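Shown next, in C-alpha cells, is the structure this report addresses.
Naming convention: chains lettered A, B, ... in sequence-line order (proteins, then strands); numbering from 1 in each chain. Keep in mind that this is a model prediction, so the values were computed, not measured.
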Number of protein chains: 2
Amino acid sequence: MAEEKKISMAVIRRLPRYFRYLSDLMKLDIKRISSKELSERMQITASQIRQDLNCFGGFGQQGYGYNVEYLYDEISKILGTDRRFSCIIVGAGNMGNALANYENFSKRGFDIVGIFDVSPDKVGTVINNIKVLHMDMLPEFVKTHHVDIAMLTVPNSKVNEVAIQVTELGIKGIWNFSPTDLRLGDDVIVENVHLSDSLMVLGYRLKESMEGRKTS
Amino acid sequence: MAEEKKISMAVIRRLPRYFRYLSDLMKLDIKRISSKELSERMQITASQIRQDLNCFGGFGQQGYGYNVEYLYDEISKILGTDRRFSCIIVGAGNMGNALANYENFSKRGFDIVGIFDVSPDKVGTVINNIKVLHMDMLPEFVKTHHVDIAMLTVPNSKVNEVAIQVTELGIKGIWNFSPTDLRLGDDVIVENVHLSDSLMVLGYRLKESMEGRKTS
DNA sequence: TTTGTTTTGACAAAAAAATAACAATTATGA
DNA sequence: TCATAATTGTTATTTTTTTGTCAAAACAAA
Ligand SMILES: NC(=O)c1ccc[n+]([C@@H]2O[C@H](COP(=O)([O-])OP(=O)(O)OC[C@H]3O[C@@H](n4cnc5c(N)ncnc54)[C@H](O)[C@@H]3O)[C@@H](O)[C@H]2O)c1
Ligand SMILES: NC(=O)c1ccc[n+]([C@@H]2O[C@H](COP(=O)([O-])OP(=O)(O)OC[C@H]3O[C@@H](n4cnc5c(N)ncnc54)[C@H](O)[C@@H]3O)[C@@H](O)[C@H]2O)c1
C-alpha cells in the first residue's frame, strides 16, 4: 500500500470537464481519440491530458490513443458517478426551487430525497413531486433516510447555523450557495458555489478588456 | 508605460473573497487589520495576502497594517464594483427566475435590465417587475439599451446558438450556466458557472473521504 | 526623543503545476 | 512480414504560484 500518491485539486477539478467532452464524443459516435485531438477540442495541451489521466492509471494505448467509451467509464468510476448520492435541499426559495426542478442531477447520480424550509409559506408545498418539510422534521428524516449531501440555499444570515445543524446530524457533504465560507469539522466536505464571486470576476475581466488589457 | 505587469487569474479569482471578508470586517466595525490577522480569518498565508495586494499597489502601512475601509474601497475599484453593469437574462426558466429574483446582484453593480425567452408560457409574464420579452425583441432592445452582460440560462442544446446571437448584437460579457464550453471571439469574455462540475467534485471528495483518503 | 515592537513591501526560495521531450510500443499499410 | 507513422506513459524542464525571509518604515510607549 505504499502507492498512496496524492492527487491535486487542480487535476480533480478538471475531471468533470473531461467527463463532459467524452460524453459529447460518445454522442457523436466517436470510438477513439488521441490526446492530441482531444487537446484541440478542449483547448488544453495534450501533455496535460496524458499527465492528468496517468494520475489514475494508463487508460490509453500507444499508437492508438484512448477508447472513448472505456475512458468515459473509468472517469465515471473515479468521479463516483457510478454510485448514487442522497441529497436534501435546505431552503425552498428561488435557488432551492431551481435545483429541485433540475432533472440532470439525478442523471449524474445525485438524488434529491427531501426539501426543507422553515417558512409556513413553503412547508407543505410540493416541488417536483417532493413535499417540502419543516426543518423540525430534519432530525427524524435523517434517522430514517441516509443523506450524503445537504444543498444549502438558505439566506446568507442563516447558513452558518443551518450548516452546523446538518453536520450535527451526521451529514458529511455540503454544497453551499451562500457567499460565506463555512468553518466546519475536518470530516465535513464543503464545496462552495460563490455565484457573486464569479460574476464579479466577469465584471473585472470585462472592465479590463474594455480598457484594452488582456486577462490571459 | 513599461509597467504593464500582467496579473494572474489565480490572484483575480481571490479578489472577491478579500472583498467579502473586508465587507464583514466593516460590519463588525473593525477599522484596521494586519495581514497576519486577516490570514488567520481567511485561512491563507499572510504572505499571500501581501503579495496579492501588492499586485495593485501598496495599500498598507508598515507597523500599522491595512485600513479596512480604504482597502475595501481600493478592491472595489479594482473589481469595478464602483461602476454599474447592465445585464440581461436569456432563458426565463428555473435558473433565470432565481437570478432575476436575487436582489444582491444590483447591490454589487449588476443591474438586470431585461429578460428574454421564446416560450409563449414565459413571454409576457413579469418577474421581479421586469416583463419577459420575446427573443425577437432582443436586437431592438440592444440598440436602445446598452447591455454589458448576458446571463445565459437557456437549455444546454440552445446555448451555443443563443451565445452567437447575443455576441453578434455586440454584447461582450457572457455568464454561462450551461454545462458547455462556449467558443466565441477573443473580444467576448465568458465566465462559466458549471454547477454540475462543482457537484461532481463534491461527490468525488466525499467518496475519497469515506474511503479514508484526504483531498487536501 | 529614544527604544522596542509591529508590520509592510520586496525579494528569494520552495513547491506545485504545466509543458516539453522522448523512448517504448502499437497500429497500419506496403 | 517489415518499415513507417502515430501515440502513449514517463521523466525532465520550464513556468507559475505559493511561501518564507528580512530590511526599512511606522507605530507606540516610556
Ligand atoms: N437566487 C440567486 O440567484 C442567488 C444568487 C447567488 C447567491 N444566492 C444565495 O443562495 C441563497 C439562497 O438564495 P435565494 O435567492 O434562494 O433566497 P430565498 O430567500 O429565495 O430562499 C431562502 C429560503 O430559505 C428559507 N429559510 C430561511 N431560514 C431557514 C432555515 N433556518 N432553515 C431552512 N430554511 C430557511 C426561507 O424560508 C426561504 O424559502 C442565499 O444565501 C443567496 O445569497 C442566490
Ligand atoms: N436549474 C438548475 O438548477 C440548473 C443546474 C445546473 C445547470 N443548469 C443549466 O442552466 C440552464 C437553464 O436551466 P433551467 O433549469 O433554468 O432550464 P429551464 O428549462 O427551466 O429554462 C430554460 C428556459 O429557456 C427558454 N428557452 C429555450 N430556448 C430558448 C431560446 N432559444 N432563447 C431564449 N430562451 C429560450 C425556455 O423557454 C425556458 O424558459 C441549462 O443549461 C441547465 O443545464 C440549471
What is the ring orientation for B/W175 with B/F177, classed by angle as parallel under 30°, tilted 30 to 60°, or perpendicular over 60°?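 Ring orientation of B/W175 relative to B/F177: perpendicular.
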
Find the distance between [atom1] ([X]) and [atom2] ([Y]) and round it off to the nearest 0.5 Å.
| X | Y | atom1 | atom2 | value |
| --- | --- | --- | --- | --- |
| B/M95 | A/N101 | CE | CG | 10.5 Å |
| A/L182 | A/I164 | CG | CD1 | 9.0 Å |
| A/C55 | A/I78 | SG | CD1 | 9.0 Å |

In whole Å, what is the span from the [atom1] atom of [X] to the [atom2] atom of [N]?
| X | N | atom1 | atom2 | value |
| --- | --- | --- | --- | --- |
| B/K36 | C/dT6 | NZ | C1' | 10 Å |
| B/L53 | C/dT8 | CG | P | 9 Å |
| B/L38 | C/dT7 | CG | P | 13 Å |
| B/I49 | C/dT7 | CD1 | C1' | 13 Å |
| A/R14 | C/dT19 | CZ | C1' | 12 Å |
| B/R50 | C/dT8 | CZ | P | 6 Å |
| B/F59 | C/dT8 | CZ | P | 14 Å |

No-H, no-angle donor-acceptor pair, A/S47 side chain to C/dA20 base, under 3.5 Å: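 Answer is yes: a donor-acceptor pair is held.
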
Is a donor-acceptor contact shorter than 3.5 angstrom present between the side chain of B/Q62 and the base of C/dT8?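 Flag set: donor-acceptor pair detected.
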
Taking the side chain of A/Q51 as heavy atoms from C-beta outward, which of C/dT19, C/dA17, C/dT28 is closest to it?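 Closest of the options to the side chain of A/Q51: C/dT19.
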
Measure from the side-chain heavy atoms of A/R32 and tell me the nearest of C/dT8, C/dA27, C/dA21.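 My answer, after comparing the listed nucleotides, is C/dA27.
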
Return whichever of A/Y64 or A/I44 has its heavy-atom-nearest nucleotide of DNA chain C closer to the 5' end.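 The residue closer to the strand's 5' end, by nearest nucleotide, is A/I44.
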
Please tell me which of B/Y66 and B/G63 maps to the more 5' nucleotide of DNA chain C, matching each residue to the nucleotide holding its nearest heavy atom.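 This one resolves to B/G63.
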
Knowing that exactly one of B/N192, B/I88, B/I89, B/V162 qualifies, which makes a side chain to side chain contact (heavy atoms under 4.5 Å, CB included) with B/L152?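 Only match with B/L152 under side chain to side chain contact (heavy atoms under 4.5 Å, CB included): B/V162.
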
Could A/R32 and A/Y64 be counted as a cation-pi pair, given that NZ or CZ must be under 6.0 Å from the ring centre and within 45° of the axis?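 Positive - A/R32 is close enough to the ring of A/Y64 and near enough to its axis.
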
With a 4.5 Å heavy-atom cut-off, do A/E191 and B/L206 have their side chains touching?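 They are not in side-chain contact.
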
Under 4.0 Å from OP1 or OP2 of C/dA17: is there any side-chain N or O of A/S8 that close?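 The answer is yes; a side-chain N or O of A/S8 sits under 4.0 Å from OP1 or OP2.
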
Which is the 5'-most and which the 3'-most nucleotide of DNA chain D that has an atom under 4.0 Å from a heavy atom of chain B?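 Result: D/dT17 to D/dA28.
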
